[in-house]
**Q** 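Here's a structure for you.
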Amino acid sequence: MGRIRILPDEVANKIAAGEVVERPASVVKELLENSLDAGATEVRIEVAAGGRRLVRVADDGCGMGRDDALLAFERHATSKLREARDLLAISSLGFRGEALPSIAAVSRLTLETRAADEPTGTRVEVAGGRILRVSEIALAPGTAVAVRDLFYNMPARRKFLRSEQTELAHIASLVTQYSLAYPEKSFSLRHEARTLLEVTPVARLRDRVYQVFGSELLEELVDLGVRERALETPADREGRAPAAPTGAVFRLRGFVSQPHHQRPNRNSIYLFVNRRLIRDRLLMHALLAAYRNLAPPDVFPFALLFLECDPSEVDVNVHPAKTEVRFRHSAFVHDFVCDAVREALAEARPVSAIPLPAPAQPAVGLPYSEYSQHALDEAWRACQGSGAPLLPQQAGEETPWAGADPGPFVAPERAEGLRLPLPETHRGFPPEWLEEAVVSMANIAELRPLGQIRDSFIVAAGPDGLWLVDQHVAHERILFEKFLKRRQQGRVETQSLLTPLILALTPAQQADYERIAAELQAAGFEIEPFGGRTIAVKAAPAGIPPADLEKALLEVLEPADEDWRRAPLEDLRRRIAAALACRAAIKINTPLETARMEWLLRALAAAEHPMSCPHGRPTVLRYPMREILRAFRRI
Ligand code: ADP
Ligand code: MG
């Protein structure tokens with residue numbers, strides 16, 4: 001008795017309709033999802049000519065009997081759904097029963113499959129949607145689908161395919177991403193004679209991240225661990241009661257980059273819901289919101305986020321290619337993801353290292369060839385854009401820090417000619433010097449400030465190396481959190497001005513001012529209209545030097561980006577706090593006594609997010625002991 005059924009019309013009609021097969025990567029996606037749904041532990045993918053000539057996906061999953069193998073090519077034939085109600089809680093990757101017939105209609109397709117409890121396998125050959133031949137074959141249990149000459153019968157569609165390299169890049173990106181979602185499975189991707197990706201089963205996501213991206217990136221990442229929140233949580237951040245106390249638990253796992261690790265676009269953000277690769281504005285927004293005031297607004301993190309929840313909490317039947325979802329409790333999901341990432345960043349308190357020139361030796365031990373690295377880089381560039389159709393990015397766009405690396409500490413030791421054998425006295429140092437203390441911003445409370453460079457940067461010695469602190473941005477971070485906290489607790493301190501500050505506003509500023517006047521007042525300003533478009537500032541939050549008040553106000557009234565006008569109130573509060581902190585913070589070119597430097601370091605260590613200023617610049621840099629020893633050629 002076969003498992004596949006044809007969906008009754010009333011169910012079929014409820015399924016998001018549309019084009020499934022757009023390009024070779026969509027074929028790979030559908031076949032890969034079928035293999036995963038079939039419980040495969042190993043998936044092998046082979047492509048030729050960027051997938052135009054061949055896409056072949058072979059798995060060791062449950063396979064199909066002869067009847068099912070034929071039925072699978074009927075529209076709306078699926079083993080994964082029975083009735084309309086099942087659409088409300090989909091736990092498989094596929095459910096529409098449309099992929100195989102859609103692909104078979106536009107290619108020459110061969111399906112070879114054998115269910116474990118059947119003595120023989122079945123081969124079905126289809127071309128342009130017509131079944132040409134069905135035969136019995138000897139085969140190990142599992143399924144292999146080969147799709148040749150995609151769009152051979154649709155010249156118009158064929159014309160829209162992009163270059164072989166681009167199509168291949170999309171495929172490589174897709175397979176890479178699925179391999180991240182299923183670390184317990186093997187994946188391989190071969191293009192003609194070359195292996196682009198080959199990963200064996202590993203126990204932890206961390207190990208898979210290592211297999212795919214290598215150790216250098218892994219070091220830059222913060223592990224979220226497993227973070228959970230149940231829907232019945234008494235109230236969220238805004239004090240709103242939860243939408244419905246269903247008790248459903250949401251779980252978030254994954255990795256995010258430290259705030260100072262910055263990418264120029266969204267290409268390195270990978271989002272999964274119930275292990276389904278998706279593109280979702282809500283989750284994207286939640287992630288970026290977590291970095292607000294930690295990283296500059298125009299850069300993006302690396303992120304690999306896996307959200308898990310009850311299938312009934314998420315509607316995957318929204319988009320024909322199943323890449324978009326809709327959450328039942330979207331505000332809850334947004335806040336949970338944002339808070340979870342922010343908490344993880346706060347706990348990790350990562351410290352920026354003083355950027356050193358990259359070591360000259362090639363990276364070794366990466367489990368994929370140089371070619372595959374190139375292909376994957378290409379893939380990440382080409383895919384993951386926010387909108388469909390996906391277009392490749394400009395070459396070179398994806399080089400973090402390109403042109404920004406100031407390259408201090410370019411060690412003179414790199415010069416040639418220092419090849420004399422080192423006497424023992426130059427080497428000897430207690431081995432514990434090499435033990436990396438847990439690098440945390442908490443350490444800065446223990447540092448000994450030695451002095452300032454140009455009355456602007458504090459130099460401090462710690463057991464784990466040399467630290468540099470930007471006194472202005474460090475103080476800015478401290479004050480930003482202080483202003484924000486006071487505002488949230490309604491305890492702002494106000495200070496009257498001896499003479500009111502009279503400000504003439506442009507019409508645009510006037511409009512913005514009216515919109516935010518109430519919030520300015522709550523932040524500690526006392527402002528009155530002074531006729532026309534002029535306002536009189538009579539009092540201001542304590543701590544802002546009167547000479548800087550005008551600048552602070554104009555900064556709030558004249559934001560660089562246009563988006564803030566539609567941003568939530570919380571963003572406005574942050575903007576105001578950031579503008580005030582910037583004006584009230586210790587300036588550069590200010591001599592500081594030791595006691596004041598010590599105070600600054602302690603206060604920074606106590607901050608919630610001490611690692612960067614509200615505009616996203618790092619507050620401190622560390623030159624680790626190991627690097628010092630290395631530069632002095634002691635190791
Ligand atoms: P859907 O995945 O939405 O059910 P498809 O057209 O992709 O629709 O596949 C139709 C059916 O064929 C699936 O429901 C499944 O029963 C069967 N099938 C497809 N691919 C495989 C596979 N690799 N292994 C086992 N069964 C498969
Ligand atoms: Mg499918």
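Quick note: residue numbers are just sequence positions, from 1. Ligands are counted one by one from 1 in listed order, and the atoms in each one are counted from 1 as well.
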**Q** For atom 7 (O) of ligand 1, what is the nearest protein heavy atom, given as residue, atom name and distance?
**A**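 Result for atom 7 (O) of ligand 1: Asn34 ND2, 2.8 Å.
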
**Q** Checking the side chain of Arg276 only, and the main-chain atoms of Ser92 only, is there a donor and an acceptor separated by less than 3.5 Å?
**A**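 At least one qualifying donor-acceptor pair exists.
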
**Q** Within ligand 1, which atoms have a heavy atom of Thr78 less than 4.0 Å away?
**A**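 That gives atoms 1 (P), 4 (O), 14 (O) of ligand 1.
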
**Q** Check for a donor-acceptor pair, side chain of Arg342 on one end and backbone N or O of Arg292 on the other, with a separation under 3.5 Å.
**A**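 Between the backbone of Arg292 and the side chain of Arg342 there is a qualifying donor-acceptor contact (under 3.5 Å).
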
**Q** Look only at interatomic distance and state if Ala38 has a nitrogen or oxygen under 3.5 Å from any nitrogen or oxygen of ligand 1.
**A**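 The answer is no, given that Ala38 and ligand 1 share no N or O pair closer than 3.5 Å.
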
**Q** Hey, is the main chain of Met64 close enough, under 3.5 Å, to the side chain of Thr113 for a donor-acceptor pair?
**A**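 Yes, the answer is positive, given that a donor and an acceptor are paired below the 3.5 Å cut-off.
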
**Q** Examine the proximity of ligand 1 to Leu100 and report which part, side chain or backbone, both or neither, has a heavy atom under 4.0 Å away.
**A**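 Near ligand 1, Leu100 shows its backbone as well as its side chain.
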
**Q** Check for me whether Arg253 meets the cation-pi criterion with Phe306, that is, NZ or CZ under 6.0 Å from the six-membered ring centre and within 45 degrees of the ring axis.
**A**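 Because its charged atom sits under 6.0 Å from the ring centre and within 45° of the axis, Arg253 does stack over Phe306.
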
**Q** Going by the atom numbers of ligand 1, which of them fall below 4.0 Å from some non-hydrogen atom of Pro101?
**A**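 Numbered from 1, ligand 1 contributes 6 (O).
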
**Q** Identify the closest protein heavy atom to atom 22 (C) of ligand 1: which residue and atom is it, and at what distance?
**A**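 Heavy-atom neighbour on the protein nearest atom 22 (C) of ligand 1: Thr143 OG1, 3.7 Å.
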
**Q** Are any of the N/O atoms on Ala99, whether in the backbone or the side chain, positioned under 3.5 angstrom from an N/O atom of ligand 1?
**A**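 By distance alone, the answer is yes.
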
**Q** Relative to Tyr182, does Arg275 satisfy both conditions: NZ or CZ under 6.0 angstrom from the six-membered ring centre, and within 45 degrees of the ring's axis?
**A**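 Yes, Arg275 sits over the ring of Tyr182.
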
**Q** Can you list the ligand 1 atoms lying under 4.0 Å from a non-hydrogen atom of Lys80?
**A**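 The atoms of ligand 1 under 4.0 Å from a heavy atom of Lys80 are 1 (P), 2 (O), 4 (O), 13 (C), 14 (O).
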
**Q** Would you kindly specify which portion of Thr113 sits under 4.0 Å from ligand 1, judged on non-hydrogen atoms: side chain, backbone, both or neither?
**A**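 Neither part.
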
**Q** Using a 4.0 Å cut-off to any heavy atom of Glu98, which atoms of ligand 1 qualify?
**A**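 Near Glu98, meaning under 4.0 Å from one of its heavy atoms, ligand 1 has 6 (O), 8 (O).
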
**Q** Run through Leu224, Leu283, Ile269, Val273 and flag the one making a side-chain contact (heavy atoms from CB on, under 4.5 Å) with Leu305.
**A**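 Exactly one pass, corresponding to Leu224.
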
**Q** Tell me: protein heavy atom nearest atom 1 (P) of ligand 1, and distance?
**A**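 Protein heavy atom at minimum distance: Gly97 N, 3.5 Å.
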
**Q** Do Thr166 and Ser163 pair up side chain to side chain, a donor and an acceptor below 3.5 Å, judged on atom types alone?
**A**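 Judged by distance alone, the side chains do pair up.
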
**Q** Could you tell me the residue and atom name of the protein heavy atom closest to atom 17 (C) of ligand 1, and the distance to it rounded to 0.1 Å?
**A**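 It is Met64 SD, 3.6 Å.
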
**Q** Is there a salt bridge (Lys or Arg N to Asp or Glu O under 4.0 Å) between Asp149 and Arg52? Walk through the geometry before answering.
**A** CA-CA 6 Å; Asp149 306 325; Arg52 295 152 165 244; over 6 Å; no

**Q** One residue to check: Glu33. Relative to ligand 1, which of side chain, backbone, both or neither has a non-hydrogen atom less than 4.0 Å away?
**A**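 For Glu33, no heavy atom sits under 4.0 Å from ligand 1.
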
**Q** Using the ring of Phe187 (Phe, Tyr or Trp, six-membered ring only), decide whether Arg44 places NZ or CZ under 6.0 Å from its centre and within 45 degrees of its axis.
**A**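 The answer is no; the distance or angle limit is not met.
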
**Q** Distance to 0.1 Å, residue and atom name: give those for the protein heavy atom nearest to atom 23 (N) of ligand 1.
**A**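 Ranked first by proximity to atom 23 (N) of ligand 1 is Asp59 OD2, 2.9 Å.
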
**Q** Judging by distance only, is a nitrogen or oxygen of Arg96 under 3.5 angstrom from one on ligand 1?
**A**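 Right, the criterion is met.
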
**Q** Which of the numbered atoms in ligand 1 are below 4.0 angstrom from a heavy atom of Ile4?
**A**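 Listed by number with element, the hits are 11 (C), 12 (O), 16 (O), 17 (C).
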
**Q** Donor-acceptor pair, distance only, cut-off 3.5 Å: does the side chain of Asp68 make one with the backbone of Ile4?
**A**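 Yes.
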
**Q** Within the stated cut-off of 2.8 Å, is an N/O/S atom of Thr78 closer than that to the Mg ion (ligand 2)?
**A**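 Coordinating: no.
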
**Q** Mark up the atoms of ligand 1 that fall under 4.0 Å of a heavy atom belonging to Gly94, in ascending order.
**A**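 This gives 2 (O), 3 (O) as the contact atoms.
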
**Q** Regarding Glu167 and Arg158, does a basic nitrogen lie under 4.0 Å from an acidic carboxylate oxygen?
**A**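 Not counted as a salt bridge, because no side-chain N and carboxylate O are separated by less than 4.0 Å.
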
**Q** For atom 14 (O) of ligand 1, what is the closest protein heavy atom, and at what distance to 0.1 Å?
**A**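 The closest one turns out to be Ser79 N, 3.0 Å.
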
**Q** Strictly distance-based, threshold 3.5 Å: is any side-chain N or O of Arg148 a donor or acceptor partner for the main-chain N or O of Arg53?
**A**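 Not a single qualifying donor-acceptor pair exists.
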
**Q** Numbering the atoms of ligand 1 from 1, which are under 4.0 Å from a heavy atom of Ala77?
**A**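 Within the 4.0 Å cut-off of Ala77, ligand 1 contributes 10 (C).
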
**Q** What atoms in ligand 1 come closer than 4.0 Å to a heavy atom of Ala72?
**A**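 Atoms satisfying the 4.0 Å criterion: 12 (O).
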
